[in-house]
Amino acid sequence: MFRHLPRILARSLTTASARFPPASARAVPRAHARLRQQPPRRTMFIQTATTPNEDALQFIPGVPVLGSGSMRTVEYTTPREALKSPLATRLFAIEGVRGIMYGGDFVTVRKHTDYPWQLLKPDVYAAIMDHFASGRALIRDDADDSAREGAGHDSEIVVEIKELLESRVRPAIQEDGGDLDFVSFNEGSGVVRIRLRGACRGCASSSVTLKHGVEGMLSYYIPEVTAVEDVGDELEAQAQKEFGKLEAELQSKLKSK
């Protein structure tokens with residue numbers, strides 16, 4: 001929430017010697033006039049919330065991120081992906097940051113284990129505060145990646161799985177700064193493949209959440225479901241591999257020049 005600092009009020013002083021005021025007295029109104037011309041400063045109170053993953057924190061700026069009450073989330077796992085968002089680009093420039101996810105009213109930041117939060121927090125606070133104070137768009141209009149779901153060719157079972165994930169699972173996971181995406185369903189084996197995101201990535205309790213939470217609920221309502229697998233690490237490894245190839249190509253071109 002933005003708080004405007006109190007305005008500096010100037011009042012004219014009328015005295016018997018007002019006709020010939022001392023130099024210090026004459027400087028006061030001019031100084032106050034300069035202060036009145038300066039734009040009001042803005043500040044922001046950013047709260048943090050822990051998650052089940054020690055290497056992930058929720059940063060809550062007190063203003064809408066993707067929109068108040070929104071169930072949508074957007075995640076960036078590499079600096080290349082983060083080019084779509086000015087804030088994500090700046091956060092990835094902080095040494096130790098591993099991933100960013102936006103939610104309705106929060107920003108989840110994941111870090112490498114070797115970097116303590118005490119060192120990262122001040123830079124993260126500054127990046128978030130500066131971004132929202134600037135009024136810049138969170139995601140570029142030409143790079144909005146909101147469309148992740150399939151286009152209407154789902155089987156009846158897949159529609160039911162997505163509905164359960166959307167209404168029963170995602171709200172609970174988002175409270176802890178995470179999220180998940182439906183990836184696929186194998187009707188032959190009954191295996192549901194999902195991708196855990198945000199604070200859920202690398203979390204020690206994510207396997208328990210999958211087995212006893214997501215898998216148990218889906219198999220209860222949909223007997224055809226036999227297991228749930230997280231392929232998030234696999235997809236992230238592929239993205240990191242592609243990013244590494246791009247970096248190698250750029251370095252090769254620079255050397256050839």
Novice: Are V169 and M101 co-members of a hydrophobic cluster defined by side-chain heavy atoms under 4.5 Å apart?
Specialist: no
Novice: Ignoring hydrogens and geometry, is there a side-chain-to-backbone donor-acceptor pair from S85 to A82 under 3.5 Å?
Specialist: no
Novice: Side chains of F185 and I157, heavy atoms from C-beta outward: is any pair under 4.5 Å?
Specialist: yes
Novice: Which heavy atom of S134 sits nearest a heavy atom of H131, and at what distance?
Specialist: OG-O, 2.6 Å
Novice: Check whether M129 and L119 end up in the same hydrophobic cluster, where Ile, Leu, Val, Met, Phe, Trp and Tyr are linked by side-chain heavy atoms less than 4.5 Å apart.
Specialist: yes
Novice: More than 12 heavy atoms of other residues, nucleotides or ligands under 6.0 Å from CD of E95: yes or no?
Specialist: no
Novice: Find the distance between CD1 (I46) and OH (Y125) and round it off to the nearest 0.5 Å.
Specialist: 7.5 Å
Novice: Does T108 use its side chain to pair, donor to acceptor, with the backbone of Q58 at less than 3.5 Å?
Specialist: no
Novice: Check the pair I194, D181 against side-chain contact (heavy atoms from CB on, under 4.5 Å), reporting the backbone distance first and the verdict last.
Specialist: CA-CA 6 Å; I194 64 172; D181 289 331; over 6 Å; no
Novice: Rounded at 0.5 Å granularity, tell me how far OH in Y115 sits from CG in L120.
Specialist: 8.5 Å
Novice: With distance as the sole criterion, is a donor-acceptor pair present between the side chains of E187 and S155 under 3.5 Å?
Specialist: yes
Novice: So how far is it from I161 CD1 to E224 CD, rounded to the nearest 0.5 Å?
Specialist: 8.5 Å
Novice: Is a side-chain N or O of T226 found less than 3.5 angstrom from the main chain of S189, in a donor-acceptor match?
Specialist: yes
Novice: Check the hydrophobic clustering (I, L, V, M, F, W, Y; side-chain heavy atoms under 4.5 Å; chains of links allowed) and say if V109 and Y102 are grouped together.
Specialist: yes
Novice: So R168 and Y221, side-chain contact (heavy atoms from CB on, under 4.5 Å) or not? Walk me through it.
Specialist: CA-CA 12 Å; R168 303 289 297 275; Y221 287 101; 3.1 Å; yes
Novice: Is it true that a side-chain atom of N53 and a backbone atom of A199 form a donor plus acceptor pair closer than 3.5 Å?
Specialist: yes
Novice: Do E81 and T77 pair up side chain to side chain, a donor and an acceptor below 3.5 Å, judged on atom types alone?
Specialist: yes
Novice: Over all heavy atoms of both residues, which pair between I94 and V124 is shortest? Give the atoms and the distance, please.
Specialist: CD1-N, 3.8 Å
Novice: Return the set of residues passing side-chain hydrogen bond (donor to acceptor under 3.5 Å, both in side chains) with D55 (not counting sequence neighbours), or none when no residue passes.
Specialist: K111, T113
Novice: Which atoms form the tightest heavy-atom contact between T48 and K121, and what is the distance?
Specialist: OG1-NZ, 4.4 Å
Novice: Looking only at non-hydrogen atoms, find the nearest pair between K162 and F182 and report the distance.
Specialist: CE-CD2, 3.5 Å
Novice: For the hydrophobic clusters of this structure (ILVMFWY residues joined by side-chain heavy atoms under 4.5 Å, transitively), does one cluster hold both V191 and V158?
Specialist: no
Novice: Within this structure, what is the NZ-CZ distance for the pair K84 and R140, rounded to the nearest 0.5 Å?
Specialist: 9.0 Å
Novice: Would you kindly confirm whether I60 and L138 end up in one hydrophobic cluster when ILVMFWY residues are joined by side chain heavy atoms under 4.5 Å apart?
Specialist: no
Novice: Which distance, rounded to the nearest 0.5 Å, do you find between the CZ of F59 and the CG of D105?
Specialist: 14.5 Å
Novice: Looking only at heavy atoms, which two atoms of V225 and S219 are closest? And how far apart?
Specialist: O-CB, 3.5 Å
Novice: Quick one about T89 and Y76 (side-chain donor to acceptor, distance below 3.5 Å, no hydrogens or angles considered), yes or no?
Specialist: no
Novice: Go through E75 and R110 one step at a time and tell me if the side-chain contact (heavy atoms from CB on, under 4.5 Å) criterion holds.
Specialist: CA-CA 11 Å; E75 184 180 33; R110 291 189 302 122; 4.3 Å; yes
Novice: So does R193 pair up with D230, basic N to acidic O under 4.0 Å?
Specialist: no
Novice: Rounded to the nearest 0.5 Å, how far does CG of L180 lie from CD of E166?
Specialist: 9.0 Å
Novice: Apply side-chain contact (heavy atoms from CB on, under 4.5 Å) to residues V214 and L165 and explain how you reach the verdict.
Specialist: CA-CA 8 Å; V214 182; L165 293 175; 4.0 Å; yes
Novice: Nearest heavy-atom pair of L66 and V74: which atoms, and what distance?
Specialist: CD1-N, 3.9 Å
Novice: What pairs with D123 under salt bridge (Lys or Arg N to Asp or Glu O under 4.0 Å), at least two apart in sequence or on another chain?
Specialist: none
